[in-house]
Each structure stands twice: as C-alpha cells, then as structure tokens.
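Letters A, B, ... are given to chains in the order of the sequence lines, protein chains preceding strands, and every chain is numbered from 1. The model shown is predicted, which means the values in this text are computed figures rather than measured ones.
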Number of protein chains: 2
Amino acid sequence: MVNMDAAELSGKLAAIASPQRMRIIALLSGETLYVSELARRMEMSRALLYMHLTKLEEAGFVAGHLELSDDGKAMKFFEVLPFTLTVNAKTLVKAVAAHTESETI
Amino acid sequence: MVNMDAAELSGKLAAIASPQRMRIIALLSGETLYVSELARRMEMSRALLYMHLTKLEEAGFVAGHLELSDDGKAMKFFEVLPFTLTVNAKTLVKAVAAHTESETI
DNA sequence: ACTACCTGTAATATTTATCTAACAGGTGCA
DNA sequence: TGCACCTGTTAGATAAATATTACAGGTAGT
C-alpha cells in the first residue's frame with residue numbers, strides 16, 4: 001500500500017471524489033449504519049446507494065457485514081475503515097512510474 | 001484552503017483522479033513544457049490535452065503562461081504548482097459539514 | 001506560395017458514471 | 001393473509017466525462 005500504481009491510486013481517488021460518497025463516509029464515520037437506514041438519511045434509493053457502497057468497498061474505504069437482528073431480520077451494516085490518502089507531485093510521479101514499469105516489463 | 005467544502009474538495013479529487021491527468025502532472029513535474037510538446041509526449045491530441053489542462057488549472061494543480069520564443073512563436077508553457085492533498089475520514093467530515101452549512105445558512 | 005511549426009476553440013461522437021423503476025426473496029407480527 | 005420492515009439484483013434512462021474531427025489564426029524559413 002506504500003507504493004500504489006497509477007491505476008490503484010486513480011481508483012481510490014475516483015471513489016472518494018464523489019460528493020455523494022463523501023457524504024456517505026461522513027455519515028458512517030462515527031456510527032455504523034445498515035443500508036436501509038443509511039439510504040433514508042441520504043435520501044437516496046437503496047439501489048443507488050448499493051452502487052456507491054460497492055465502489056467505496058472496492059476502493060477499501062468501507063466494509064460491510066451481515067448481522068442478524070434480534071427479530072431475525074438480516075441487516076447489512078457498513079463501517080468506515082481507517083485510511084489516510086496523501087497526494088502531491090512526488091506521490092504522482094511514483095505512482096505513474098510504478099504503472100509504466102508494470103506495463104512495460 | 002485549510003477548510004475546503006465538499007464541492008471544492010470533490011473538484012480537486014476528481015481533477016487529480018484521472019490516470020491521464022496524473023501522467024500530465026508527472027511529466028510536468030520536473031520540467032515545464034509547452035502544450036504541443038506535452039501533447040507529443042502524451043501521444044494525445046492538443047484538443048483533448050487542453051481539456052485536461054483546463055481541469056487541472058481550474059483545480060489549481062498547474063498554471064499556464066504564454067511565452068514568445070526567439071523566433072516569434074507564441075508558446076504556452078505549463079508548470080506544476082506545489083500542492084499536497086490529504087484525505088481521511090476526519091477531513092471528509094469537516095468538508096461535508098462546511099458544505100451543508102453554506103447550503104443551509 | 002508552400003511547408004512546418006505554434007495557439008485556440010467549436011461541434012460532434014463515444015464511452016462512463018449516475019440514477020430510476022421494477023422485480024424476487026426473506027422475517028415477524030396483527 | 002396482509003402489512004411493515006429488511007436484503008439484493010437487473011434492465012433501462014439520463015447525465016456527464018472523455019475523446020475525435022475539423023476548423024481559424026499566427027510566425028518563420030525555403
């Protein structure tokens with residue numbers, strides 16, 4: 001994770017760049033919520049929310065797990081994974097270099 | 001710049017998230033190049049490159065200026081501006097909060 | 001006049017991302 | 001049985017980003 005190639009870094013940045021997904025992380029940061037509840041707070045359809053959550057999960061920003069509530073309902077909770085992303089010119093040069101290497105060799 | 005709202009942060013992240021634009025910054029980081037030369041190294045049309053450069057410039061990552069070469073040609077040079085972007089859960093919470101404030105008040 | 005460079009933009013096509021609507025399946029309770 | 005919750009997915013519409021093509025204009029040198 002110390003050395004990310006351009007594709008990976010780009011994926012993470014794209015995942016986090018969306019205002020909607022920024023809000024999702026902000027909402028999940030503090031309390032873990034299950035999908036339907038999160039959908040209500042986001043005022044967003046579950047289908048759409050799933051799309052966003054999938055992108056965030058693939059990028060490694062959140063993680064979801066099924067839980068069985070007391071009354072037997074299956075509920076999918078999501079939590080924010082700890083992360084820190086630092087980007088500057090140096091970072092980008094490294095990422096691009098790593099990328100072209102893996103492409104060429 | 002210390003406190004960015006969600007829209008601004010999202011704009012910067014989106015600008016930097018593109019693999020093409022990451023390569024542009026990597027190429028410009030070290031030497032300033034004029035558009036046509038950069039287009040050759042990127043193996044990309046100038047029209048498309050302009051689109052990318054505009055986004056990078058609007059986000060504040062690069063700056064361009066016209067220069068008159070010795071033989072009278074107008075040449076537009078671009079350079080990378082110093083920047084460091086750090087994103088984590090705390091950053092996002094702040095950005096989102098700043099956003100909803102400016103929206104509501 | 002013609003070639004070889006350069007900047008700059010507008011119209012258009014293509015590809016991707018985002019969003020909506022609709023469905024199937026589950027549990028618990030009145 | 002019917003209502004109120006929950007998860008999960010797919011097909012399709014809409015919006016936005018990306019890329020292409022084709023211009024117009026400039027300087028310098030052969």
Side-chain angles (χ1 to χ4, degrees), chain A residues 6-25 27-28 31-59 61-79, chain B residues 6-25 27-28 31-59 61-79:
Chain A
E8 189 179 355
L9 181 55
S10 164
K12 283 181 184 290
L13 289 174
I16 211 75
S18 150
Q20 303 278 55
R21 292 193 283 272
M22 284 177 51
R23 258 190 78 213
I24 291 175
I25 292 189
L27 278 176
L28 289 181
E31 52 181 337
T32 72
L33 298 170
Y34 60 95
V35 178
S36 287
E37 175 62 20
L38 182 56
R40 279 189 292 268
R41 301 209 191 173
M42 290 287 297
E43 292 178 316
M44 171 186 289
S45 72
R46 271 186 318 110
L48 180 52
L49 179 56
Y50 264 100
M51 185 273 286
H52 286 303
L53 285 173
T54 302
K55 291 199 175 185
L56 284 175
E57 193 165 32
E58 282 172 350
F61 292 113
V62 305
H65 62 277
L66 266 180
E67 253 179 57
L68 236 54
S69 70
D70 296 335
D71 52 334
K73 281 178 201 153
M75 306 176 84
K76 186 151 196 181
F77 282 86
F78 273 89
E79 61 182 321
Chain B
E8 189 179 354
L9 181 54
S10 165
K12 283 181 184 289
L13 288 173
I16 211 74
S18 151
Q20 303 277 54
R21 291 193 282 272
M22 285 177 52
R23 259 190 76 214
I24 291 175
I25 291 188
L27 279 175
L28 288 181
E31 53 180 336
T32 71
L33 297 170
Y34 60 95
V35 177
S36 287
E37 175 63 21
L38 182 57
R40 278 189 292 267
R41 301 209 191 173
M42 290 287 296
E43 292 179 317
M44 171 186 289
S45 72
R46 270 185 318 112
L48 180 52
L49 179 55
Y50 263 99
M51 185 273 287
H52 286 301
L53 285 173
T54 301
K55 292 200 173 185
L56 285 175
E57 192 166 31
E58 281 172 350
F61 292 113
V62 303
H65 62 275
L66 267 181
E67 253 179 57
L68 237 53
S69 69
D70 295 335
D71 53 335
K73 281 177 200 154
M75 305 175 83
K76 186 151 195 182
F77 282 86
F78 272 89
E79 61 182 321

Legend entry - For atom CG of B:Leu38 and atom C1' of C:dC5, their distance in whole Å: 17 Å
Heteroatom pairs (N/O) under 3.5 angstrom, protein to nucleotides 19-22 of chain C:
residue	atom	partner	partner atom	Å
C:dC19	OP1	A:Gln20	NE2	3.3
C:dC19	OP2	A:His52	NE2	2.8

Inset, instruction - Go through residues 64-74 of chain B and report each residue with a non-hydrogen atom lying under 4.0 Å from DNA chain D, sorted by number. - result: B:Asp71, B:Gly72
Inset, instruction - For A:Glu58 and C:dA17, give me the distance from atom CD to atom P, rounded to whole Å. - result: 11 Å
Legend entry - Rounded distance (Å) that lies between atom C1' of D:dT9 and atom CG of A:Leu53: 15 Å
Inset, instruction - Report yes if at least one side-chain N or O of B:Ser36 is closer than 4.0 Å to OP1 or OP2 of C:dT7; otherwise report no. - result: yes
Inset, instruction - Using a strict 4.0 Å threshold on nitrogen-to-oxygen distance, state whether A:Arg23 and A:Glu43 make a salt bridge. - result: no
Legend entry - Derivation and outcome, side chain to side chain contact (heavy atoms under 4.5 Å, CB included), residues A:Lys73 and A:Leu68: CA-CA 6 Å; A:Lys73 281 178 201 153; A:Leu68 236 54; over 6 Å; no
Legend entry - Shortest non-hydrogen contact between B:Met42 and B:Ile24, atoms and distance: CE-CG1, 3.6 Å
Inset, instruction - State plainly whether the residues B:Glu37 and B:Arg46 are in salt-bridge range, i.e. N to O under 4.0 Å. - result: no
Inset, instruction - Find the distance between CG (A:Leu27) and CG (A:Leu38) and round it off to the nearest 0.5 Å. - result: 6.0 Å
Inset, instruction - Using heavy atoms and a sub-4.0 Å distance, could you list which residues of residues 9-16 of chain A are near DNA chain D? By number, please. - result: none
Legend entry - Mutual orientation of the aromatic rings belonging to A:His65 and A:Phe77 [parallel < 30°, tilted 30-60°, perpendicular > 60°]: parallel
Inset, instruction - Output yes when A:Lys55 and A:Glu58 qualify as a salt bridge under the 4.0 Å nitrogen-oxygen rule, no when they do not. - result: no
Inset, instruction - Check every atom of D:dT18, C:dC6, C:dT18 against the side chain of B:Arg21 and return the nucleotide holding the closest atom. - result: D:dT18
Legend entry - Intermediate values then yes/no, side chain to side chain contact (heavy atoms under 4.5 Å, CB included), A:Leu66 and A:Met75: CA-CA 6 Å; A:Leu66 266 180; A:Met75 306 176 84; 5.8 Å; no
Inset, instruction - Taking only the side-chain nitrogens and oxygens of B:Tyr50, find out if one of them lies under 4.0 Å from OP1 or OP2 of C:dT7. - result: no
Legend entry - N/O (side chain, A:Lys55) to phosphate O (OP1/OP2, C:dT18) under 4.0 Å: yes
Inset, instruction - Search all heavy atoms of B:Ala14 against all heavy atoms of A:Ala17 and return the closest pair with its distance. - result: N-CB, 3.6 Å
Inset, instruction - List the steps and the verdict of side chain to side chain contact (heavy atoms under 4.5 Å, CB included) for B:Met22 and A:Leu9. - result: CA-CA 10 Å; B:Met22 285 177 52; A:Leu9 181 55; 3.8 Å; yes
Legend entry - Length of the line joining B:Met42:CE and D:dT20:P, which is rounded to integer Å: 12 Å
Legend entry - Integer-rounded Å distance: D:dC5 P and A:Tyr34 OH: 10 Å
Legend entry - Any B:Arg40 side-chain nitrogen or oxygen under 4.0 Å from OP1 or OP2 of C:dC5: no
Inset, instruction - Let me know the distance between CG of B:Leu56 and P of D:dT18, rounded to the nearest Å. - result: 10 Å
Legend entry - Steps toward side chain to side chain contact (heavy atoms under 4.5 Å, CB included) verdict (A:Phe78, A:Thr32): CA-CA 6 Å; A:Phe78 273 89; A:Thr32 72; over 6 Å; no
